[in-house]
Number of protein chains: 2
Amino acid sequence: MRGVVMYGPGDVRVEEREDPRIVEPTDAIIRLTATCICGSDLWPYRGAEPVDHQVMGHEYVGVVEEVGADVRTIRVGDFVVGSFWASDNTCEICRAGYQAYCPHRVLMGTLGTQSERARVPLADGTLVATPGMPEPDLIPSLMAASDVLGTGWFAAVAAQAGPGRTVAVVGDGAVGLLGVLAARQLGAERVIAFSRHPDRQALARDFGATDIVEERGDAGVARIQELTGGLGAHSVIEAVGTQEAMMQAIRSARPGGHVGFVGVSHDVAVPGDELFMAGVHLHGGPAPVRQYLPELIRLIWDRTIDPGKVFDLTLPLDRAADGYRAMDRRTATKVLLTL
Amino acid sequence: MRGVVMYGPGDVRVEEREDPRIVEPTDAIIRLTATCICGSDLWPYRGAEPVDHQVMGHEYVGVVEEVGADVRTIRVGDFVVGSFWASDNTCEICRAGYQAYCPHRVLMGTLGTQSERARVPLADGTLVATPGMPEPDLIPSLMAASDVLGTGWFAAVAAQAGPGRTVAVVGDGAVGLLGVLAARQLGAERVIAFSRHPDRQALARDFGATDIVEERGDAGVARIQELTGGLGAHSVIEAVGTQEAMMQAIRSARPGGHVGFVGVSHDVAVPGDELFMAGVHLHGGPAPVRQYLPELIRLIWDRTIDPGKVFDLTLPLDRAADGYRAMDRRTATKVLLTL
């Protein structure tokens, strides 16, 4: 089968890879309908994380082709969406809603889903079947549910976005934009998006942002203070992963407020004295997307939400290298790869 | 009146100070029945924070002697307990339960309550009257409510201690020990106290600790893992304020667990990548003690709890210097000063 391999920073190739096969009796093999490129794939692409002939991709939707002997709920022919962490969904950690920390978890990125087929471990725990075969125009939104929507949703939940609360969103990438969508769906009347890119501002407004702040850092924090009567936002989503973004998020929240951070941390250190005096709640990490998939699929199936709009470039898998380049150069926010 | 002044590190004196008087119409003047020395008073005493002729003390119980023209609910003759932050208790931040961050807050430590009398700003918002004049044996417990009990209580709430949850407590000072008491009162069946001092272990057990762990750092974390089926504690209280204690707390919590930190942070930096991968909730800072005072006073008045046991040395105010010395040398956990 064809699949993406990152040979090294900046060097992405689509080449012939071995077809996946059932290894554990709880596995499923899926034929992908679509996959995509994640903002986190850019860290190794840019040399900020080591990479050497790595298979790529951890987001996926597709049709089940084969299941292992112990798979009970997922069937051949199902159209499925799964999380970027495979999880058993039965252990104490999963039942508490933290499937990304399942003791039996497997990171899908190590298997590589930017490919024609993929092996999904713990299929019953990991995959959620849609009510039927989706209309083609729903594919991008279901694809978004696999990671960026689920991650933005978790960030909004971690930030306790909800009725009566003002939410600020740091980061205007796909996750931040879908954090805006999630915050509105969760009931927040006021959602302030930090963004200085006109196209992303437009999408943020489309997803429900009520205010846009172009300033960053301390100037951005000052604007949030102005917009919230000097108190700060109740809820802040951090969807970047840098020191500046994390501190901007913490400083934008009011005492007692909640910061949900989902940007993969790179060289971040949170000063204890400032965190102590801020009085905010801080929660984040890899999103337990599996927890939200049934609800997200329902909202997409009912056409209540249209998160697929974050994909502003669609390419066939064979042109994955062009997709990486576009995201690296910021000419695309999020790239969908079709098969 | 007599009051404590810290001339410099290690140099505590009780000397004649000017009597406090009503400055704002919302002030009250109280005659102290008792005050005490806080673990945080040891930071400047040890030279870890700058200090120069500073009035000391922020914990207090006593009888109201005079009130300003705008004081409505607090009356002359009331026996009162107050928080170490004066707060209006009417603003949006106070009503959300974060009185320690009231925009009008005044830090009582800047007024100095290790003294015969004290001015309490925002008296209606800050002070809570007891149902009557307390029996003398209740004084230490009411004194504890003013800070160490309220702080331990906030830490337990921030850590979401409650039924069905295992709570670990880092720090066996007065706040940590009262965190044990709070966790049990909030319904936790299992409370694991980190302590290597036999007398503090005994008090921890008296307050409801079910397990004692003597190891610290990674060895301590490993013991928590053993005691929790490899998952970690649901709730962890951090009541020290050092890097080692903070990391021990974060590493002792399971994914999705809650860390409540109340140790005043000194040279702490939380690594973002580790926090990201830990998946814990982190919340803490100066405790909004005022929020809990009515409930804590009721539990003490009913003799349901006896937090006054943390005071293992009682001295008259004039011997405050001996009290500082005892706490610095760890021959006392917490010193009560009587008037």
Side-chain angles (χ1 to χ4, degrees), chain A residues 49 91-103 105 154 158 160 164-165 228-232 234 238 241-243 245-247 250 254-288 291, chain B residues 49 91-103 105 154 158 160 164-165 228-232 234 238 241-243 245-247 250 254-288 291:
Chain A
E49 282 177 7
C91 71
E92 191 172 337
I93 298 294
C94 282
R95 280 182 285 121
Y98 283 85
Q99 290 91 340
Y101 299 89
C102 173
R105 69 183 175 179
F154 169 62
Q160 298 211 349
R165 293 174 68 97
T228 56
L231 299 178
H234 299 91
E238 189 288 316
T242 61
Q243 182 73 17
M246 183 64 120
M247 298 320 295
I250 290 171
R254 67 179 56 195
H258 291 73
V259 176
F261 66 99
V262 291
V264 180
S265 294
H266 284 80
D267 298 324
V268 172
V270 181
D273 52 353
E274 182 164 349
L275 189 63
F276 186 85
M277 294 315 295
V280 300
H281 299 74
L282 196 53
H283 181 45
Q291 181 189 174
Chain B
E49 280 177 9
C91 70
E92 190 173 336
I93 298 293
C94 283
R95 282 182 283 121
Y98 283 85
Q99 290 91 341
Y101 299 89
C102 173
R105 68 183 177 180
F154 169 61
Q160 298 212 343
R165 292 174 67 97
T228 56
L231 299 179
H234 299 89
E238 190 286 319
T242 61
Q243 183 73 15
M246 184 62 117
M247 297 318 296
I250 290 171
R254 66 179 56 194
H258 291 73
V259 176
F261 67 99
V262 291
V264 181
S265 294
H266 284 78
D267 297 323
V268 171
V270 181
D273 52 353
E274 182 163 350
L275 188 63
F276 187 84
M277 294 314 297
V280 301
H281 299 74
L282 197 53
H283 182 45
Q291 182 188 173

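Protein chains get the first letters and strands the later ones, always in sequence-line order, with residue 1 at the start of each.
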Side chain to side chain contact (heavy atoms under 4.5 Å, CB included) between B:L282 and A:V270: does it pass, once the steps are laid out?
CA-CA 12 Å; B:L282 197 53; A:V270 181; over 6 Å; no
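- When each of B:G97, B:A158, B:A278, B:A96 is scored by its heavy-atom pairs under 4.5 Å with chain A, the top score falls to B:A278.
- Taking all atoms of both residues into account, the shortest heavy-atom contact from B:P103 to A:L231 is CG-CD2, 4.4 Å.
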Given side chain to side chain contact (heavy atoms under 4.5 Å, CB included), test A:V268 with B:F276 step by step and report yes or no.
CA-CA 10 Å; A:V268 172; B:F276 187 84; over 6 Å; no
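- The nearest pair of heavy atoms linking B:S265 to A:D273 is CB-N, 3.7 Å.
- Using a 4.5 Å cut-off between heavy atoms, B:Y98 touches chain A through its side chain atoms alone.
- Distance check, rounded to the nearest 0.5 Å: CE of B:M246 to CG of A:L275 gives 6.0 Å.
- In terms of heavy-atom pairs under 4.5 Å with chain B, the best-connected choice from A:G241, A:G263, A:G229 is A:G263.
- If you measure heavy-atom distances from B:E274 to chain A, you find no contacts under 4.5 Å at all.
- In this structure, the portion of B:V262 lying under 4.5 Å from any heavy atom of chain A is its backbone and not its side chain.
- In this structure, A:R254 CZ and B:Y101 OH are separated by 14.0 Å, a value rounded to the nearest 0.5 Å.
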List the steps, then state whether side chain to side chain contact (heavy atoms under 4.5 Å, CB included) holds for B:H283 with A:V280.
CA-CA 6 Å; B:H283 182 45; A:V280 300; 5.8 Å; no
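- For the options B:A269, B:G284, B:P286, heavy-atom pairs under 4.5 Å to chain A are most numerous at B:P286.
- Open room surrounds CG on B:D267; 12 or fewer heavy atoms of other groups in view lie less than 6.0 Å from it.
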